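Predicted model, so just to flag it, every value in this text is computed and none were measured. Every heavy atom of this structure was used, including side-chain atoms; hydrogens, water molecules and symmetry mates were not. Numbers restart at 1 for each chain; the letters A, B, ... are given by sequence-line order, proteins then strands.
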Amino acid sequence: MDSVNYWLMKSEPEVYSITDLQKQRETIWDGVRNYQARNFLRQMQIGDLAFFYHSNTNPPGIVGLMRIVKTGIADPTQFEPTSKYYDPKSSSDSPRWQTVVVEYMETFSHPILLPTLKEKFSSDELLLVRPGNRLSVMPVTSAVAKKILAELS
DNA sequence: GCCAACGTTGGC
DNA sequence: GCCAACGTTGGC
């Protein structure tokens, strides 16, 4: 049987919020320019589920759920000279930055705020709460994911 | 807006 | 390949 992988992806709601995703239905998750985060994006598979996390806002927390619907997409912003994500060292032959297309699934009626996540999970269980961690894309173990999802039912 | 913690860059 | 300088992230 296929196992679903779980992820957590951060976005600043002032830049792109879950409400924006709900309206758009799906989006290319562009703008990731960190190799570790990109490597996680490369590992994603169609059907994987990702928690949408609102960062750099008050209060920060997990606000909803989305699904990976396309993988191995070249981030188009790397080729756009006017984009803040333009990467002159990347070529269309071998794009440096790949990402995924995500589809909106749901907005949680109660977001799971960062203090709650810190309370429930150790830094070993959940990368997000590891001190100093700044990754914008990271894996979530299925055990942790199921606890998060159970919180909401 | 502050600033600690990171990641990246580039001179050497 | 070291590491200082610089830029970014993101909680507070």
Donor + acceptor pair across side chains of A:Ser91, A:Asp93 (<3.5 Å) | no
Distance below 4.0 Å between A:Lys10 side-chain N/O and C:dT9 OP1 or OP2 = no
Atom-to-atom span, CG of A:Leu113 to C1' of C:dC12 - whole angstrom = 14 Å
Taking 4.0 angstrom as the limit, do A:Lys120 and A:Glu151 come out as a salt bridge?
-> yes
Want to settle it: does A:Gly132 or A:Asn56 sit nearer the 5' end of DNA chain B, counting the closest nucleotide to each?
-> A:Asn56
C:dC12 P sits how many Å from A:His54 NE2, rounded?
-> 17 Å
Rounded to whole Å, the CG-P distance (A:Leu8 to C:dG10) equals 11 Å
Are OP1 or OP2 of B:dC6 and a side-chain N or O of A:Tyr35 less than 4.0 angstrom apart?
-> no
Hey, does the side chain of A:Lys84 come within less than 4.0 Å of C:dG7's phosphate (OP1/OP2), counting only N and O?
-> no
Expressed in angstrom and rounded to an integer, what is the separation of A:Leu114 atom CG from C:dT9 atom C1'?
-> 14 Å
Donor-acceptor pair under 3.5 Å: do we get one between A:Arg33's side chain and the base of C:dT8?
-> no
Nearest whole angstrom, please: distance from the C1' of B:dA5 to the CG of A:Asn34.
-> 13 Å
To the nearest angstrom, how far is A:Arg134 atom CZ from C:dG7 atom P?
-> 14 Å
Between atom OH in A:Tyr85 and atom P in C:dT8, what is the gap in whole Å?
-> 11 Å
Describe the nucleic acid contact of A:Leu135 in one word from base, sugar-phosphate, nothing, applying a heavy-atom distance below 4.0 Å.
-> sugar-phosphate
Looking at the side chain of A:Lys89, which of C:dG7, B:dG10, C:dG11 is the nearest nucleotide?
-> B:dG10
Straight-line distance of A:Ile68 CD1 to A:Gln45 CD, nearest 0.5 Å = 10.5 Å
Do the side chain of A:Ser90 and the main chain of A:Arg96 share a donor and acceptor less than 3.5 angstrom apart?
-> yes
Would you kindly give the CD1-to-P distance between A:Ile62 and C:dG11, to the nearest whole Å?
-> 12 Å
Taking atom CD1 of A:Ile62 and atom OG1 of A:Thr116, what is their separation to the nearest 0.5 Å?
-> 10.0 Å
